[in-house]
Asks: 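This is the structure, below, for whatever I ask next.
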Amino acid sequence: MYTLGIDIGSTTSKCVLLKDGKEIVGSSIVVAGTGTDGPSQALENVLNSAGVVREDISYTIATGYGRKIFQGADGEISELSCHARGVHFVFPDVYTVIDIGGQDAKVLSLNDQGRMMNFAMNDKCAAGTGRFLDVMASILKLDISDLEKEAAKAQNPASISSTCTVFAESEVISQMAAGTDLPDLVAGICQSVATRVASLARRVGIKERVCMSGGVARNAGVRNAMSKELGVEIVYSDMAQLMGALGAALYAYDKAKDSNPTVS
Ligand code: ADP
């Protein structure tokens, strides 16, 4: 039996296709979020990659910022619950999830069963989100996926003192003009995101193991800075950006089983 999770974010659309609630048989990420054709593209891509047609899917759950306006799902569940579920599936021993997406950052604390017990969220300010990194990458004329390579070469990470994205943008431009090395600048930018989100994490309380999820987790510069900032190891999977969609696909499996109890 196939179930599908679709995570419709502010900047990207992600799908995970699950077989029998256990096996991930397909996934897709399209850099276009809610209000675009990103969700339908992501859906088409995952079906094509797995050689599955829409009619083969028993149940679909949508999650993410755009989940309520998406027409193609059988139900919707909040991204907090879906991230918790997805992370617990991949890392059953994780108790703290730091999820940094395109426009927000969330820290979740989980219990032994992977159920969310507490959370803190920043969705008011671009600093400490993927948006901050996207803006900085564009000023530095780098691709978002190149930030980690640059940060890894840093000798003396720059200090970005502005907490506001708009002011930080001017600060980065001034530092470029003053001749700060690119790697040092990029490492300072990654550090700035980690510092912001670490303070959110401290509000929730850090219990190991700690996992990072969301698109920004793909950046090792931010993961390493976060690890130093919090003094803990950060657990990471290649599935980081897909955790919400994975959780949605797992919830979809529960729903499909409820409506057909003869299925194991
Ligand atoms: P949302 O669900 O809010 O749309 P995501 O969790 O998909 O957000 O994260 C999107 C963010 O992830 C982007 O704003 C970008 O900063 C970051 N990102 C995306 N791809 C990469 C990559 N290859 N390497 C590093 N960071 C990335």
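All ligand and atom numbering here is 1-based and tracks the order in the structure.
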Asks: Is it the case that over 12 heavy atoms from other parts of the model lie below 6.0 angstrom from the CD atom of Q71?
Replies: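 Result for CD/Q71: open.
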Asks: Which of the numbered atoms in ligand 1 are under 4.0 angstrom from any heavy atom belonging to T11?
Replies: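 The atoms of ligand 1 under 4.0 Å from a heavy atom of T11 are 1 (P), 4 (O), 8 (O), 10 (C).
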Asks: Scan side-chain atoms only and decide if E169 and T165 contain a donor-acceptor pair under the 3.5 Å cut-off.
Replies: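 Result is no, nothing qualifies.
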Asks: Got the closest protein heavy atom to atom 20 (N) of ligand 1, with its distance?
Replies: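 Result: R218 NH1, 3.9 Å.
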Asks: Please identify which atoms of ligand 1 are closer than 4.0 Å to at least one heavy atom of G214.
Replies: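 Going through ligand 1 atom by atom, the ones under 4.0 Å from G214 are 6 (O).
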Asks: With a 4.0 Å heavy-atom cut-off (strictly under), which part of E148 contacts ligand 1: side chain, backbone, both or neither?
Replies: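 For E148, there is no contact with ligand 1 at all, from either part.
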Asks: Give the numbers and elements of all ligand 1 atoms closer than 4.0 Å to a heavy atom of G9.
Replies: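 What qualifies from ligand 1 is 1 (P), 2 (O), 4 (O).
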Asks: If you count the non-hydrogen atoms of other residues, nucleotides and ligands that lie under 6.0 Å from CZ in R115, is the total more than 12?
Replies: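 Not more than 12 within 6.0 Å, no.
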Asks: Between N122 (side chain) and A127 (backbone), is there a donor-acceptor pair under 3.5 Å?
Replies: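 Flag set: sc N122 to bb A127 pair under 3.5 Å.
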Asks: Please write down residue, atom name and distance for the protein heavy atom closest to atom 19 (C) of ligand 1.
Replies: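 Going atom by atom, the protein heavy atom closest to atom 19 (C) of ligand 1 ends up being Q241 NE2, 4.0 Å.
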Asks: Is there a nitrogen or oxygen of G215 sitting under 3.5 Å from a nitrogen or oxygen of ligand 1?
Replies: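 The answer is yes, given that G215 and ligand 1 share an N or O pair closer than 3.5 Å.
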Asks: Closer than 4.0 Å to some heavy atom of G102 - which atoms of ligand 1 meet that?
Replies: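 Atoms satisfying the 4.0 Å criterion: 1 (P), 3 (O), 5 (P), 8 (O), 9 (O), 10 (C), 14 (O).
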Asks: Within less than 4.0 angstrom of ligand 1, does S10 place any heavy atom?
Replies: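 Contact check S10 vs ligand 1: positive.
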Asks: Could you go through the side chain to side chain donor-acceptor pair (under 3.5 Å) check for S161 and E171 one step at a time?
Replies: CA-CA 8 Å; S161 58; E171 200 177 331; 3.2 Å; yes
Asks: Taking distance alone, with no angle check, do D104 and ligand 1 share an N/O pair under 3.5 Å?
Replies: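 Between D104 and ligand 1, no N or O pair is found under 3.5 Å apart.
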Asks: Is any N or O atom of D99, backbone or side chain, closer than 3.5 Å to an N or O atom of ligand 1?
Replies: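 It does not: no N or O of D99 is found under 3.5 Å from an N or O of ligand 1.
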Asks: In Å and rounded to the nearest 0.5 Å, what is the CD1 to CZ distance from I6 to R67?
Replies: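 Spacing of CD1 (I6) from CZ (R67) equals 13.5 Å.
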Asks: Can you tell me the protein heavy atom closest to atom 16 (O) of ligand 1 and the distance?
Replies: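 Answer for atom 16 (O) of ligand 1: D134 OD1, 2.8 Å.
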Asks: If you measure every N or O of R131 against every N or O of ligand 1, does any of those distances drop under 3.5 Å?
Replies: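 No, there is no polar N/O contact under 3.5 Å.
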Asks: What protein heavy atom lies closest to atom 2 (O) of ligand 1? Include the residue and the distance to one decimal.
Replies: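 Here the nearest protein heavy atom works out to K14 NZ, 2.6 Å.
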Asks: Kindly check if the number of other-residue, nucleotide or ligand heavy atoms within 6.0 Å of CZ (R131) is above 12?
Replies: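 No, the 6.0 Å shell around CZ holds no more than 12 heavy atoms from other groups.
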Asks: Do other residues, nucleotides or ligands put more than 12 heavy atoms under 6.0 Å from M121 CE?
Replies: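 Enclosed.
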Asks: Do any nitrogen or oxygen atoms of G130 lie less than 3.5 angstrom from nitrogen or oxygen atoms of ligand 1?
Replies: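 For ligand 1, there is an N or O atom that lies under 3.5 Å from one belonging to G130.
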Asks: For Y65, does the OH atom have more than 12 heavy-atom neighbours from other residues, nucleotides or ligands under 6.0 Å away?
Replies: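 No, because the 6.0 Å sphere around OH of Y65 holds 12 heavy atoms or fewer from other groups.
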Asks: Between D143, I144, T12, which one has a non-hydrogen atom sitting closest to atom 25 (C) of ligand 1?
Replies: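 Residue with the shortest heavy-atom distance to the ligand atom: I144.
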Asks: First locate atom CG of L108, then atom NE2 of H88, and finally report the distance between them rounded to the nearest 0.5 Å.
Replies: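 So the gap between those two atoms works out to 13.5 Å.
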